[in-house]
> 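This is the structure, below, for whatever I ask next.
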Amino acid sequence: QGQAMESGGGVVQAGGSLRLSCTTSGLPNTFDYYPMGWFRQGAGKEREGVAGINWNGEQTWYPASVKGRFTASRDNVKRTLYLQMNDLKPEDTAMYYCAVSEGYDYNGLTPENFFGWGQGTQVTVSS
């Protein structure tokens with residue numbers, strides 16, 4: 001089925017911002033109409049969801065840990081998903097991934113329900 005490709009990570013000071021991108025050109029275009037998610041995995045931690053977005057970008061979901069700081073969006077023409085991250089904190093340090101929901105309807109951010117994982121992009125926030 002192919003995989004997505006994440007980019008845009010880097011090293012930033014606490015309080016700074018980064019914008020991550022995720023292209024889905026490696027996936028069949030039928031998945032442009034599926035919900036997608038952003039996830040992260042810190043060292044020694046389990047993978048966790050940080051943003052969900054429906055097929056047209058009109059609905060988004062965030063856990064409390066990032067709500068108000070992270071914003072997901074998508075451009076289905078460019079086949080690209082974005083994650084704007086503001087007011088970054090050291091605890092946001094992790095490898096960030098995007099993936100496609102296996103279901104046509106959004107059903108939470110359980111990693112096991114997503115596929116098409118890329119290699120990830122590293123975000124490091126220094127204090």
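Heavy atoms only: backbone and side chains are in, while hydrogens, waters and symmetry mates are out. If you're wondering where the values come from, they're calculated on a predicted model, not measured in any experiment.
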> Within the distance-only criterion (no hydrogens, no angle test), does the side chain of Asn54 pair as donor or acceptor with the backbone N or O of Gln59 below 3.5 angstrom?
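Checked: pair present.
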> Can a donor-acceptor pair be found, under 3.5 Å and without considering hydrogens, that links the side chain of Tyr62 to the backbone of Ala72?
yes
> To the nearest 0.5 Å, what is the distance between CD (Gln84) and CZ (Arg19)?
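Separation between the atoms: 6.5 Å.
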> Of all the heavy-atom pairs spanning Ala51 and Pro63, show the shortest one and how long it is.
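Closest heavy-atom pair between Ala51 and Pro63: N-CD, 4.5 Å.
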> Tell me whether Val66 shares a hydrophobic cluster with Leu83, the cluster being built from Ile, Leu, Val, Met, Phe, Trp, Tyr side chains joined at under 4.5 Å.
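Same cluster.
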> Taking ring pair (Phe, Tyr, Trp, His ring centres under 6.0 Å) as the test, write out the residues that go with Tyr106, two or more places apart.
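Here the qualifying residues are Trp61.
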> Quick one: pull up CG in Leu20 and OH in Tyr82 and give me the separation to the nearest 0.5 Å.
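Here the rounded value is 12.0 Å.
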> Same hydrophobic cluster for Val100 and Ile53, using side-chain heavy-atom links shorter than 4.5 Å among ILVMFWY?
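Same cluster.
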> Please name the pair of heavy atoms, one in Gln122 and one in Thr124, separated by the smallest distance, quoted to 0.1 Å.
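Closest heavy-atom pair between Gln122 and Thr124: NE2-OG1, 3.4 Å.
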> Considering all heavy atoms of both residues, which atom of Arg69 and which atom of Leu88 are nearest to each other, and what is their separation?
NH1-CA, 3.9 Å
> Can a side-chain donor-acceptor contact be found between Ser17 and Asn86 if the only test is distance below 3.5 angstrom?
yes
> Any chain of hydrophobic side-chain contacts (each under 4.5 Å) joining Val12 to Met85?
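Val12 clusters together with Met85.
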> Atom CH2 of Trp38 and atom CD of Glu48: how far apart are they, to the nearest 0.5 Å?
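Spacing of CH2 (Trp38) from CD (Glu48) equals 14.5 Å.
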> Just list the side-chain donor-acceptor pairs under 3.5 Å for residues 109-121, sequence neighbours left out, or say none.
unit_1: Trp117; atom_1: NE1; unit_2: Phe114; atom_2: O; d: 3.3
unit_1: Thr121; atom_1: OG1; unit_2: Gly9; atom_2: N; d: 2.9

> When rounded to the nearest 0.5 angstrom, what distance separates SG in Cys98 from CD in Glu6?
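Spacing of SG (Cys98) from CD (Glu6) equals 4.0 Å.
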> About how many Å separate OG of Ser21 and CZ of Arg74, when rounded to the nearest 0.5 Å?
13.5 Å
> Distance-only, no hydrogens or angles: does the Arg40 side chain make a donor-acceptor pair with backbone N or O of Thr93 under 3.5 Å?
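No: the side chain of Arg40 does not pair with the backbone of Thr93.
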> Report yes if the distance between the aromatic ring centroids of Trp55 and Tyr33 is under 6.0 Å, otherwise no.
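Ring centres of Tyr33 and Trp55 closer than 6.0 Å.
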> Please round to the nearest 0.5 Å and tell me the distance separating atom CZ of Phe70 and atom CG of Leu18.
9.0 Å
> Would you say CG of Asn107 has more than 12 non-hydrogen atoms from neighbouring residues, nucleotides or ligands within 6.0 angstrom?
no
> Would you say Arg79's side chain and Leu27's backbone share a donor-acceptor pair under 3.5 angstrom?
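Yes.
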> Might you point out which heavy atoms bring Ser127 and Ala14 nearest each other, and give the distance in Å?
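Nearest pair, atom of Ser127 first, then Ala14: CA-CB, 4.3 Å.
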> Can you get from Phe39 to Leu81 by hopping between Ile, Leu, Val, Met, Phe, Trp and Tyr side chains that sit under 4.5 Å apart?
no
